Amino acid sequence: MSSTKKVTDSIIYVGVNDHKIDLFEGQYDVPNGMAYNSYVILDDKIAVMDTVDINFTHEWLDNLAEALNGKSPDYLIVQHMEPDHSANIANFVNTYPNAKVVGNAKTFAMMAQFFGTNFEDKQVVVENGGTLDLGKHQLTFVFAPMVHWPEVMVTYDATDKVLFSADGFGKFGALDVDEDWACEARRYYFGIVGKYGAQVQKLLQAAATLDIQKICPLHGPILTENLGYYLDLYNTWSSYGIETDGIVIAYTSVYGNTKKAVEMLADKLKAKGCPKVVVNDLARCDMAEAVEDAFRYGKIVLATTTYNAGIFPWMREFIDHLTERNFSNKKVAFIENGTWAPMAHKVMKGMLEGCKNLVFAEPVVTIKSAMNDANKEQLEALADDLCQDYLARSPQTAKKNDMTALFRLGYGLYVVTCNDGKKDNGLIVNTVSQVSDNKIAVCINKRNYSCHVIEQSKELNVNCLSVDAPFDIFKRFGFQSGRTVDKFQGMETAKSDNGLPFLTQYINAVLSLKVENQVDLDSHIMFICSVTEARVTSDRATMTYTYYQENVKPKPQTEGKKGWVCKICGYIYEGEVLPEDFICPLCKHGAADFEKIQ
Ligand code: FEO
């Protein structure tokens, strides 16, 4: 039965669904099967995009023949050499001996390994950025090494504005099964590509320069609408960001005592306002599902028993999966159990040693065989620590006079929020100082719309950014004006008692301020404010200006360029002389914040 389908007027889907497979890549459960996608581009010259798994040779060749409708293909484009896509290259060549095979140098080296030949007389070897002219369709090849193998390249069709994305944007599941995209795409992403976040980020940067209307991956459905949703998820996943607010507990239990502690903790977390608590029994759940959850949420509790002077095997395997995929940017809590020499905590923490930007919750709960009263108190304290931000968000549970929030001030970076009577606004400042016991000075440039708003409203919130804040936050609040855009669009916020918004992520404290006095400082106005509310939302370190410069701001691409670079945002002015009145078009800082490219 035919399973070809039009993607555009001249692109036809010729892939296959696999419901016979037991484990994808020999390890992943795929209850709804798997799709191996392949496409034909019909033009003056005809190109076939990749083949399919070896078990579907005839089905695929039948689909291909139907799409070709008597014509012969001119090219087979090989984007990826993993056998789920490449297994039928030799069968294709035998069926269509006049077609050329398009790949890069690494593609053909692998082809020789798999087939004993790399079809030398048929090769078209392309470079990164190379093109192929089919007539109306111009294809551009963009190398995407390690998304998921080193030879991977994606292909952009500028005519139909289609990105053929190889494994990128793929998912588990056959195409004849209706299921949620994100769930199986996330499990697929973290299982298969999760280690290569940096490489996926590079691919996303390249994709951002293209006008893409459709994404045609090698697995999963063709994406045609709301592409921003998929691109945003990929950005979060590949930057190891937090996708969903909540806490995941991963545990193993031999006789049920560790499980009891986990269940008690889960109840306490829910009671303290955690919006989502996920509990995974590592001996019984799908391991890939547990791994995706570990990356999805910002906080994780690891609970296991001491075993053979180490830890229980499923927990060891789980942590190995995390560390080999660059597990980072999380808050981690531990519960250990042991009857005579508990050491699971030490082993688990040791295994996480190389992970970046982890913070550890307190206290570590040590159970000796079964929970006692002291353990129950420890679980309560641990729940308080893990729910610190949720407790602080809620008007009912927040400690609203926690003046230790003031200690979070440093020479740091802050989002100052205000409201002009119609909408919320916010901007980035680095000029917040404590000037007396309960007075804070905030200096704001008069050019900023927020300065004008605060002069009238006399109220503002200072959000103390923490080190997990991504560059997107700086772009959102620092590189555009609240007069013309809604900087909070699509962003979740909470409100302090003054009605102004504060961020629910990426901050460690929020101070609500009332303007008592103001001083005109020519370029800036210094607002001298009293503190009306002070909430601590997390224990992460404050984002200092230095930390931002070294770890968050993308390095400007100055290599081979002459001119001046903005020290604030990295914008490059190409020219020998920088005009004195030059204003950076991105971040609006003046010529004084530029330095000459050496
Ligand atoms: Fe779908 Fe990396 O192969």
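Numbering of ligands and ligand atoms starts at 1, following listing order. Everything numeric here is computed off the predicted structure, so don't read it as measured data.
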Counting backbone and side-chain atoms alike, is an N, O or S atom of Asp84 positioned under 2.8 Å from atom 2 (Fe) of ligand 1?
no

Looking at Lys20 and Asn55, what are the two nearest heavy atoms and their distance?
NZ-O, 4.4 Å

Relative to atom 1 (Fe) of ligand 1, which of the N, O or S atoms in His219 is the closest?
NE2

Is there an N/O/S atom in His85 that lies less than 2.8 Å from atom 1 (Fe) of ligand 1?
yes

Over 60° means perpendicular and under 30° means parallel, so classify the ring planes of Tyr96 and Phe92, tilted if in between.
tilted

Using a strict 4.0 Å threshold on nitrogen-to-oxygen distance, state whether Asp389 and Lys299 make a salt bridge.
yes

Taking just the N, O or S atoms of His148, which one is nearest to atom 2 (Fe) of ligand 1?
ND1

Would you check if the distance from the ring center of Phe169 to the ring center of Tyr230 is below 6.0 Å?
no

Tell me whether the rings of Trp181 and Tyr234 are parallel (<30°), tilted (30 to 60°) or perpendicular (>60°).
tilted

Apex atom 2 (Fe) of ligand 1; atoms Glu82 OE1 and His80 NE2; angle rounded to 10 degrees
100°

State the atom name: nearest N, O or S atom of Asp167 to atom 1 (Fe) of ligand 1.
OD1

